[in-house]
Amino acid sequence: MYQAKESGRNTECFFDAAVNRKALRKLKLERHLRSTLEQQEFELYYQPVYDVSDNRIIGAEALLRWNSQALGTVSNEEYIPVAEQTGLIVDIGL
């Protein structure tokens, strides 16, 4: 159903094992995201931003990494959309 909705109106989708794995992974991420906030598994890194014209630091970029005990390292591209869809992105930002 969700795959059909993502594809646009008036579409149909049939069961696909890959889609099923994707949905199960999303559910697992959502469940673990909630406990991650409580267990403080996120790690914050600061990456310097350089002005290449005179090779000096002009700022820093904050990077949030998730090293889950249960899932291993989870990429930002994978967990940020789930956090946004579930509203957990607000708690992560705090």
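If you read the sequence from its start, that first residue is 1, and numbering goes on from there.
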Between [atom1] of [X] and [atom2] of [Y], what distance do you get to the nearest 0.5 Å?
X	Y	atom1	atom2	answer
Arg34	Leu88	CZ	CG	4.5 Å
Gln39	Ser68	CD	OG	8.0 Å
Leu37	His32	CG	NE2	13.0 Å
Lys28	Leu33	NZ	CG	13.0 Å
Leu24	Leu29	CG	CG	11.0 Å

Return the orientation label for the Tyr79 and Trp66 ring planes: parallel under 30°, perpendicular over 60°, tilted otherwise. perpendicular
Tyr45 and Gln47 side chains, donor-acceptor separation under 3.5 Å: no
Hydrogens and angles aside, do Glu41 and Asn67 bring a side-chain donor and acceptor to less than 3.5 Å of each other? no
Go through the steps for Arg56 and Ile58 under the test side-chain contact (heavy atoms from CB on, under 4.5 Å), then give the verdict. CA-CA 6 Å; Arg56 66 182 177 96; Ile58 58 171; 3.8 Å; yes
Quick check: are there more than 12 heavy atoms from other residues, nucleotides or ligands sitting under 6.0 Å from CD of Gln40? no
Minimum heavy-atom distance Asn76-Leu64, with the two atoms named: OD1-O, 3.1 Å
Would you check, one step at a time, whether the test side-chain contact (heavy atoms from CB on, under 4.5 Å) holds for Val49 with Ile57? CA-CA 6 Å; Val49 177; Ile57 297 174; 5.9 Å; no
Tell me whether Tyr46 shares a hydrophobic cluster with Tyr50, the cluster being built from Ile, Leu, Val, Met, Phe, Trp, Tyr side chains joined at under 4.5 Å. no
With clusters defined by side-chain heavy atoms of hydrophobic residues (ILVMFWY) lying less than 4.5 Å apart, directly or transitively, does Ile89 cluster with Leu44? yes
Glu78 and salt bridge (Lys or Arg N to Asp or Glu O under 4.0 Å): which single residue from Arg25, Lys22, Lys26 fits? Arg25
